[in-house]
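Note sheet for the following structure.
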Protein chains: 2
Amino acid sequence: MTTPRTPTILDVAREAGVSRQTVTRALNDMADIAPATRERVVAAAQLLGYRPNRAAQSLVKGSGTTIGLLVESLRNPYYAELASELSRAAAARGWGLILCDVGYGTDRDARLSPLLRRVDALVGCLPAGATADVGVPFVSVDNPDETVGDATVWIDHEAGVRAALAHLVATGRRSIAMIDSGPEPSTRCLAYRAFLTEAGLPWSEQSEVRVEESHDGGIAAAAELLDRGVPLDAVLAFNDVLAIGAMKEMAKAGRRVPQDVAVVGMDGLDVGGLVTPELTTAATDRGAIAAAALDLVADLLAGDRRRREVATGLGESLGTRPRRTVVPHLEVRASG
Amino acid sequence: MTTPRTPTILDVAREAGVSRQTVTRALNDMADIAPATRERVVAAAQLLGYRPNRAAQSLVKGSGTTIGLLVESLRNPYYAELASELSRAAAARGWGLILCDVGYGTDRDARLSPLLRRVDALVGCLPAGATADVGVPFVSVDNPDETVGDATVWIDHEAGVRAALAHLVATGRRSIAMIDSGPEPSTRCLAYRAFLTEAGLPWSEQSEVRVEESHDGGIAAAAELLDRGVPLDAVLAFNDVLAIGAMKEMAKAGRRVPQDVAVVGMDGLDVGGLVTPELTTAATDRGAIAAAALDLVADLLAGDRRRREVATGLGESLGTRPRRTVVPHLEVRASG
DNA sequence: TTGAAAGCGGTACCAA
DNA sequence: TTGGTACCGCTTTCAA
């Protein structure tokens, strides 16, 4: 038994006894077609299970922009909220957004390559130095390593850290530890040190813990801090996920939050509102981050065009478009 | 100044002084091309900012499957976790997954239509009777209304409810309320009633609250239950998000959870592990749900083919493939 | 109202 | 090692 290939517009035309243009007219609700003819065509298409070939359609109409979103895992609420914003921002521009949940650890590249042949550009939120040279424009979001990608959305975490610490100081805290993430002191951590110094607050190596960026990491960090037995009336965490883990461990160890020790996170995730007490956090505007990322993608896509104009002697000059957008922090959102 | 149109392979060929096939060879790392020629071509492509047209490429090579994922909002952790699984399952099949975060309320269709011209099928997780007749195969996930979509992933919530209630009863609870969602009693709610009856446990209309499916809904529901002043030593919630809201409100009202009142959710979301105490929940296997959904998509896509065979007299018979996959619940995950 | 022909931008096969 | 040519499936323009 021969498997018939998937039917094309020609098959429908043959079946309906008309030409292919007539099929197009019928199936696309165009004018100038006799109702009877249309019905016959529609019936034929239905019978054959015809569905227009998307690639052919795109080829002739222009394919529209599709971008890929790279995240470690959508189970991390930070990425989930960002993806939500990006999806809407993309939809607003009429762009498609292909999701690539690369997952922690392994075969990043394996998951990546099938994606690359489908997108015009990539927006990525990957911590490590992964994903260097893909073939398409690449906008990295909140990546401390600015050498990654063709453009960067940079979040002003220094301001966020200062706001968070100012809040703690204003509420009378003096022994403030920091839960940092990553092998090296982050920008946030450096800002933390600078603030403490300027404010004349105590700091020592014992004030900092460095853990993996996860809920469990937050738990481990809090346990470690308590273990050290140093004075501690507040903790600033690298982000909300860590902060929530820390809060949980503090409570488990019998410390009252925030009476005994205040915990402040960064990001302003929804989950911060689910826990008790609600998490105090230096929030970022993920809508703005998403918008900035898509603007950069648009710039990059347009930049190719501009570069071409110059190359062909038609353009004026390249014009130095910023390849780095700085997104500010919002106010500190204190818990009830 | 004329804006040059985006360069095609022909432009590169002209620039490099070769034929277009040679360009293809050079750019696709194919054999049988002189290194010098390749370099020249690559340079020309680089100069022109050439990038192959995806649509054209797809047209000639076969476009590969791309599916769309419809969710209310990725800010709802349930959808986020499901999207994560679906993304990976799709990647494993070499499929692309376009995300459509339709958002609550408004312009669903507006967000939907640009998506439809990009996908071969749709997987949707929409509660209301939205999105009836899209032009592509549609698999609805966990939708109580089975008339929606061409196939359904059905979750055996009845078993989940029974397991959850059995757990409560085993720990000595007798006055068990239910927080339900939606205007009508859900399947879960009916299962709840049946279980109570069979177990000889008390039930009255006062035992149920019906609220909007959100964290705030959970808060409101708990407040309402407490207001009623009926006996209450346990609450079963329609899902984890509601349960977490309820837990929070209970604690706020001075009820100890779980000593005074136990709260059980359904879903088994990660967030259940973030709150204190950790949420007890009747978990589902979202990996299985995702796999089932993609299997159904594959069936649907293949079904078109089969239908065609029959229509053209080549196929045997349609064969009644199930259009509804039932995914079981996992065990109840009790808190510490 | 319908049909014929010319592309859209690539890749593949065969001949040079 | 390279180029010529057909063709992928659809839409659009122009005639009939």
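In what follows, chains carry the letters A, B, and so on, assigned in the order in which the sequence lines appear, proteins first and then strands, with residues in each chain numbered from 1. These figures come from a predicted structure and were not determined experimentally.
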| query | Are B:Arg93 and B:Asp295 close enough for a salt bridge, meaning some N to O gap below 4.0 Å? | reply | yes
| Lys/Arg-Asp/Glu bridge criterion (N-O < 4.0 Å) met for A:Asp150, A:Arg323 | no
| field | Nearest-angstrom distance from the residue atom CZ of B:Arg54 to P of D:dG9 | value | 19 Å
| request: Pick base, sugar-phosphate or nothing for A:Thr37, based on heavy-atom distances below 4.0 Å to the nucleic acid. | output: sugar-phosphate
| Atom-pair distance (CZ on B:Arg117; C1' on D:dC10), nearest Å | 13 Å
| task | Go through the steps to decide whether B:Tyr78 and B:Val71 satisfy the test side-chain contact (heavy atoms from CB on, under 4.5 Å), and finish with yes or no. | result | CA-CA 10 Å; B:Tyr78 174 79; B:Val71 297; over 6 Å; no
| said: Quick check on DNA chain D: between B:Ser19 and B:Leu59, whose nearest nucleotide comes earlier from the 5' end? | reply: B:Ser19
| task | Spell out protein contact along nucleotides 10-16 of chain C as letters: B when the base is contacted, S when just the sugar-phosphate is, - when no protein heavy atom is under 4.0 Å; keep the 5' to 3' order. | result | BBB----
| task | Please indicate whether A:Arg117 has more than 12 foreign heavy atoms, meaning atoms of other residues, nucleotides or ligands, lying under 6.0 Å from its CZ. | result | no
| said: Between P on C:dG9 and CG on B:Leu27, what's the gap in Å once rounded to a whole number? | reply: 16 Å
| query | Under 4.0 Å between a side-chain N or O of A:Thr22 and OP1 or OP2 of C:dT2? | reply | no
| query | Should the pair B:Arg75-A:Glu85 be classified as a salt bridge under the 4.0 Å nitrogen-to-oxygen rule? | reply | yes
| task | Could you tell me whether A:Asp32 and A:Arg25 make a salt bridge, using a distance below 4.0 angstrom between a side-chain N and a carboxylate O? | result | no
